[in-house]
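First the proteins, then the strands, lettered A, B, ... as listed; each starts at 1.
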Amino acid sequence: MNIFELYLDKIKSIIVDLSKKNQLIIPETFKGINAEIPPPKFNCDISTNVAMVLSKLNQTSPLILAQKLASEIKNNDDQIEIISVAKPGFINIKFRPSFWSNFIEEIIDNDKKFGINQNEKKFNYLVEFVSANPTGPLHVGHSRGAILGDVLSNVLIFNKHKVTKEYYVNDYGNQIINFTKSVYFRIREVKFKEIFPQDNPDLYPGDYLIDFAKNIILNKSDLNFDNYDEIHDELTVLSIEQALLLIKKNLKSLGIKHDNFVSEKSIVLKKEVESVVKFLEKNKFVYKGKIKAPAGDNNKNWVEREQLLFKSTDFGDDKDRALQKSDGTWTYFASDVAYHKNKVDRKFDYLINILGADHAGYIKRISSSVEALSGKKDKLICKISQLVKLIKDKKPFKMSKRKGDYITVDDLIEEVGKDATRFIMLNRSSDVELDFDFDAVKEKSKDNPLYYVQYCYARISSVFRHIGKDLNSKIELSDYNFEYSNDEIKILKKISEWPKCIDTACLKLEPHRIPVYLYDLASEFHSYWSLGKENSEKRFISQDNKISNDKLVFLKAISNVIRSGMNIIGVDTPEKM
RNA sequence: GCGCUUGUAGCUCAACUGGAUAGAGCGCCUGACUUCGGAUCAGGAGGUUCUGGGUUCGACUCCUAGCAGGCGCACCA
């Protein structure tokens with residue numbers, strides 16, 4: 001139950017009634033009218049701006065209109081204790097304590113469902129994320145996008161949307177040729193003791209290729225490793241297979257599992273590129289032309305070429321984009337358009353792409369293509385996962401392509417663990433650069449938000465342990481007629497914001513709101529806990545080792561929210577730490 | 001040169017599709033442990049939300065012109 005939504009609906013029906021009685025003029029849409037969380041200093045539970053939105057239309061001052069609406073709202077509702085009007089025209093509602101005992105009854109009864117928006121229309125999403133080239137292990141940069149995509153999907157799933165998590169495998173093109181060559185040289189190194197050509201800039205120098213080579217030699221001893229041309233096709237397949245095994249292992253250690261892996265090669269071989277180009281030609285989005293050199297001094301040796309181009313400028317891109325190279329083969333963009341046609345044809349409501357910061361410049365052209373293919377402007381939504389700045393020993397840690405100082409997902413998990421990685425990577429909005437300080441992430445104190453939230457759950461577990469009850473079993477009570485104190489209502493209010501947090505996270509596709517919310521909730525809980533030191537009535541367990549029902553459901557409600565939130569983020573809630 | 005993006009307390013960041021006196025943590029200063037787990041809590045100091053215009057009853061949020069950082073800018077993927 002979302003009390004903000006509930007009261008927004010009540011308010012809307014009240015103003016509709018008033019307009020039917022010709023006592024109020026209402027606009028065609030209710031856009032802009034809201035029911036929100038008031039700032040703490042106002043000591044109330046819900047506030048609405050309805051009077052300010054309607055005042056102009058009704059040519060009445062917001063304060064006078066607010067007075068009128070406030071009394072209408074209160075007349076219809078015996079749960080409201082105080083309703084007041086504040087400058088410049090807010091209506092503030094404060095509930096009776098009984099409201100909160102009804103509220104807690106509702107969420108204890110609906111245990112697992114609390115937070116889910118039951119009324120909203122449900123959609124079918126495709127979330128494409130990671131999609132790193134199958135040429136080596138994942139590193140820290142990939143992990144942020146990976147976690148973002150995973151948790152974004154989890155929030156949508158929690159809110160009962162349908163989500164497919166997908167990985168696009170770029171197993172085609174020049175990079176794969178170079179990659180396969182590199183594996184071949186490593187095989188010769190292992191098998192014939194030939195020195196790997198380190199100075200060839202086209203090759204992949206990483207040591208992990210030695211393992212790939214060893215595995216391939218072991219599994220395919222019958223292959224003729226003397227002749228590259230003869231085994232090239234099979235070796236390509238085997239090399240990609242090795243890389244994907246490693247990537248999937250990395251993903252698993254981050255706690256991520258995709259539903260689908262879609263191969264670029266299979267899209268190319270099925271001639272989907274040709275057919276999408278035909279489709280675009282038919283709709284006049286394609287022409288033969290030349291791309292002009294960009295302004296500036298750095299383009300002296302620009303060569304204009306006649307090429308097959310996609311008219312992405314029709315959709316707001318700065319220039320049209322090449323679909324075909326001069327040797328007649330397709331560009332990466334062309335096969336990506338084909339892949340997106342493939343996505344569009346699978347009838348999702350929305351396509352979401354999680355991209356690394358260095359691919360931000362790619363968004364316009366690909367969303368242009370999706371608009372051309374689907375006719376819908378907001379069909380494809382691209383989210384950027386910004387750079388991760390690593391900090392070690394209080395100094396920025398630069399990763400370079402030279403082997404050795406590259407931090408892989410394996411290193412990361414080994415050093416700080418899955419849970420801390422996930423929580424910290426998510427704790428910031430995805431479009432802000434993130435400082436990832438190894439020492440702080442490993443710290444087991446309140447400086448580390450992960451442990452701060454987990455500790456809250458562990459404290460609640462410890463209370464249940466003391467009184468010999470199981471935190472995971474359902475509580476059945478016949479009577480919920482409790483009178484909660486102001487300290488407790490403060491936390492109940494925070495709990496009432498949980499469905500709103502989920503809704504906003506889904507609407508804006510911003511999963512970072514969840515760890516931020518959980519931190520706040522944990523903080524209020526820790527404050528409350530400490531009150532017990534001075535005032536034994538505020539302690540959960542009495543002298544005779546018993547707990548009252550109101551406190552029992554109170555703890556249960558908090559732990560439920562923490563657990564479902566941590567579940568969405570994909571981290572554990574240990575009962576002991 | 002163009003495009004995208006970020007700019008909020010000394011530092012790292014929040015701020016709910018435009019709401020009220022802009023909030024946390026770190027750091028700094030004071031205080032609280034014979035504890036339902038101190039991996040915690042209470043209090044204090046700290047702000048021209050990069051700048052100038054505009055829209056609005058109301059702007060960190062939207063528009064516009066700048067400034068500063070980051071990323072990208074051919075047939076690579």
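- Closest to the side chain of Phe90(A), from the set A20(B), A74(B), A77(B), is A20(B).
- Taking only side-chain nitrogens and oxygens, His526(A) never comes nearer than 4.0 Å to OP1 or OP2 of G25(B).
- The stretch residues 434-442 of chain A comes close to RNA chain B through Asp435(A), each having a heavy atom under 4.0 Å from the strand.
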Acceptor/donor pairs from residues 547-558 of chain A side chains to any protein atom, 3.5 angstrom cut, sequence neighbours excluded:
residue: Ser548(A); atom: OG; partner: Asp550(A); partner atom: OD1; Å: 2.5
residue: Lys551(A); atom: NZ; partner: Glu537(A); partner atom: O; Å: 3.2
residue: Lys556(A); atom: NZ; partner: Leu471(A); partner atom: O; Å: 2.7
residue: Lys556(A); atom: NZ; partner: Ser473(A); partner atom: O; Å: 3.1

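- Identified under the salt bridge (charged side-chain N to carboxylate O under 4.0 Å, His left out) test for residues 504-519 of chain A, with sequence neighbours left out: Glu510(A)-Arg513(A).
- The aromatic rings of His139(A) and His142(A) sit tilted, their planes meeting at an angle between 30° and 60°.
- In this structure, Tyr519(A) forms no aromatic stack with the base of A24(B), since the conditions of centre separation below 5.5 Å and plane angle below 30° are not both met.
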| task | Let me have a per-nucleotide readout for nucleotides 45-50 of chain B, 5' to 3', with B, S or -, counting only protein heavy atoms under 4.0 Å. | result | ------
Give me, pair by pair, the N or O atoms of the protein and of nucleotides 56-63 of chain B that are less than 3.5 Å apart, along with how far apart they are.
residue: C57(B); atom: OP1; partner: Lys56(A); partner atom: NZ; Å: 2.7

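- For A77(B), the OP1/OP2 oxygens have a side-chain nitrogen or oxygen of Asn174(A) closer than 4.0 Å.
- Interface residues of residues 313-324 of chain A facing RNA chain B, ordered by number: Asp318(A), Lys319(A), Ala322(A); criterion, heavy-atom separation under 4.0 Å.
- Using a 4.0 Å heavy-atom criterion, one finds that Asn92(A) contacts the bases of the nucleic acid, with or without backbone contacts as well.
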